[in-house]
Amino acid sequence: MTDHAIATPQRTSSVERHLDAETRLWQHYGLTTRTRYVEIPRPRARLRVQEVGSGPPVLFIHGTVGPGAWPSLIAGMPGFRSLVLDRPGWGLSGPIDFAGHEYRAFVANLLRGVLDGLGIDRIDVVGASIGYVWALSLAEHHPSRVGRIVMLGGGPLVSDVPIPAFIRLIRSPIGALVVRLPMSSDRLLSVLRQNGHGPSLDAGRIPDELIDWRLSLANDTPSMRHERDMVRTILGRSTWKPGFAFDDRDLGRIAHPTLMMYGTADPTGSPDLWRRVIGAMPHGELEVMDGAGHQPWFEDASLVAARVSRFLAGAPAR
């Protein structure tokens, strides 16, 4: 593992723009990060982790909004050592080839390598969207390395979850062009509205710093091109590929305490679907947030942060 000041990607104008946008985003919430690079031997990868605060360690694994989705939530969780992973190929993490591997075991071993590189034996994990597929995969394959799990928003966890239109698009042949086209603010705002965050945009709960950062992620890094490569390994023409999604039997073997928070404005799944999914887990809890979108903390970061903090501390639900 290397410090940010010792070994970084080559500093180019695009990297500088992205780092500047990232710094402004974290500073908007009064936070400063410490950046690490973890070398993973198998699969060979160099992954970036940003660290904030001190206390019990918590690993945050992002979805397709990206790692910059987390600062507003982490700002409300000061009692934890928050570790934000740039998934492979995202931000300043190096890419890896997902093809030819059993996805869940592959990402579980990758995360085990991250924990080994950080010198952490056991950790709580917070995931959003596909990020909690990673969290549950780690718990499934290396159960002793995981304490508690938090799942935020809907995600491609089970085969019943419809494939989001944007994911179908980037998987398609035209997606090769889409992920290379510059992203405009209008297009980004439209995606956020489609994911249930229109009221928060209108109310100013999603700051300009987050919009600027996400535009930089799309336009100054190859993140979405790498994400398309991954999506093509987990998604067929119309269904998730075999071995990617969990079934009830798989979920029933994950005995870790697990909290899911899902918003009724989230287009991924439905409250009834997630009640069934969480009901298949021995120690699962579901909280439904009225009107919240795909990233439910975008609607009420303080509420979600307080609930997640209580859960990770082992406190009973109120």
Side-chain angles (χ1 to χ4, degrees), residues 4 15-36 48-87 90-93 123-129 131-132 150-153 185 188-189 191-192 195-221 223 259 261 263 289 291-313:
H4 189 193
V15 170
E16 293 285 2
R17 286 195 299 271
H18 182 63
L19 288 172
D20 287 346
E22 180 182 80
T23 298
R24 290 194 300 272
L25 173 59
W26 285 100
Q27 288 179 343
H28 176 78
Y29 293 100
L31 300 172
T32 301
T33 64
R34 303 176 294 278
T35 301
R36 311 279 187 196
R48 182 179 185 237
V49 178
Q50 296 178 84
E51 182 175 342
V52 182
S54 60
V58 182
L59 180 64
F60 291 80
I61 308 175
H62 63 84
T64 52
V65 173
W70 295 121
S72 61
L73 180 64
I74 289 172
M77 299 176 59
F80 296 91
R81 178 189 175 195
S82 297
L83 298 155
V84 177
L85 174 68
D86 285 9
R87 282 198 285 112
W90 280 78
L92 300 184
S93 280
I123 198 166
D124 296 327
V125 188
V126 177
S129 194
Y132 61 67
V150 177
M151 300 167 23
L152 297 176
S185 58
L188 175 58
L189 295 175
V191 170
L192 288 169
N195 280 283
H197 300 303
S200 286
L201 285 169
D202 295 338
R205 289 190 291 269
I206 298 178
D208 290 343
E209 287 82 359
L210 176 56
I211 302 301
D212 293 343
W213 171 85
R214 188 57 179 81
L215 289 172
S216 175
L217 183 80
N219 297 330
D220 295 323
T221 79
S223 300
L259 169 68
M261 301 185 74
M289 294 177 60
H294 190 54
Q295 316 282 325
W297 67 98
F298 282 8
E299 274 61 70
D300 195 334
S302 60
L303 183 151
V304 175
R307 180 65 184 101
V308 171
S309 297
R310 292 197 306 272
F311 176 78
L312 295 181

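Since the model is a prediction, treat every value here as computed from it, not as a measurement.
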Quiz item: Taking only residues two or more places apart in sequence or in another chain, which ones pass side-chain contact (heavy atoms from CB on, under 4.5 Å) with Q27?
Solution: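 Q27: side-chain contact (heavy atoms from CB on, under 4.5 Å) contacts with T23.
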Self-check item: Contacts of type side-chain contact (heavy atoms from CB on, under 4.5 Å), residue A305, not counting sequence neighbours
Solution: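 So A305 forms a side-chain contact (heavy atoms from CB on, under 4.5 Å) with L73, M77.
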Atom of [X], atom of [Y] and distance for their closest heavy-atom approach:
X: W297; Y: A128; answer: CH2-CB, 3.8 Å
X: P67; Y: W90; answer: CD-CE3, 4.2 Å
X: I61; Y: W70; answer: O-CZ2, 3.3 Å
X: F311; Y: L259; answer: CZ-N, 3.5 Å
X: G76; Y: S309; answer: O-OG, 4.1 Å

Could you give the side-chain donor-acceptor pairs of residues 208-216 under 3.5 Å, partners two or more places apart or in another chain?
{"residue": "E209", "atom": "OE1", "partner": "H28", "partner atom": "ND1", "Å": "3.4"}
{"residue": "R214", "atom": "NE", "partner": "V65", "partner atom": "O", "Å": "2.7"}
{"residue": "R214", "atom": "NH2", "partner": "T64", "partner atom": "O", "Å": "2.9"}
{"residue": "S216", "atom": "OG", "partner": "H18", "partner atom": "ND1", "Å": "3.3"}
{"residue": "S216", "atom": "OG", "partner": "D220", "partner atom": "OD2", "Å": "2.9"}

For [X], give me all partners under side chain to side chain donor-acceptor pair (under 3.5 Å), at least two apart in sequence or on another chain.
X: S185; answer: none
X: S200; answer: R205, E299
X: S223; answer: T221
X: D86; answer: R48

How many angstroms lie between atom [atom1] of [X] and atom [atom2] of [Y], to the nearest 0.5 angstrom?
X: L19; Y: T35; atom1: CG; atom2: OG1; value: 8.0 Å
X: S129; Y: M151; atom1: OG; atom2: CE; value: 10.5 Å
X: E22; Y: L92; atom1: CD; atom2: CG; value: 6.5 Å
X: L83; Y: T33; atom1: CG; atom2: OG1; value: 11.5 Å

Quiz item: Would you call W26 and I74 a side-chain contact if the rule is heavy atoms closer than 4.5 Å?
Solution: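 Yes, close enough: below the 4.5 Å cut-off.
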Self-check item: Heavy-atom donor-acceptor pair, R34 side chain to V49 backbone, under 3.5 Å
Solution: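 Absent.
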Quiz item: Sub-3.5 Å donor-acceptor pair from the side chain of H62 to the main-chain atoms of R87, do we have one?
Solution: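 Checked: pair present.
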Self-check item: All ring pair (Phe, Tyr, Trp, His ring centres under 6.0 Å) counterparts of H294, not counting sequence neighbours
Solution: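 Partners of H294 under the ring pair (Phe, Tyr, Trp, His ring centres under 6.0 Å) test: none.
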Self-check item: Sequence-distant partners of Y132, ring pair (Phe, Tyr, Trp, His ring centres under 6.0 Å), two or more places apart
Solution: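 By the ring pair (Phe, Tyr, Trp, His ring centres under 6.0 Å) rule, Y132 matches no residue at all.
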Quiz item: Passes side chain to side chain contact (heavy atoms under 4.5 Å, CB included), V52 versus V84? Steps please.
Solution: CA-CA 8 Å; V52 182; V84 177; 5.7 Å; no
Self-check item: Option passing side-chain contact (heavy atoms from CB on, under 4.5 Å) with H197 (candidates D202, I206, L189)
Solution: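 Running side-chain contact (heavy atoms from CB on, under 4.5 Å) over D202, I206, L189 with H197 returns exactly one hit, I206.
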Quiz item: Quick one: salt bridge (charged side-chain N to carboxylate O under 4.0 Å, His left out) pairs with a partner in residues 70-85, sequence neighbours left out?
Solution: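 Of all non-adjacent pairs touching residues 70-85, those that pass salt bridge (charged side-chain N to carboxylate O under 4.0 Å, His left out) are E51-R81.
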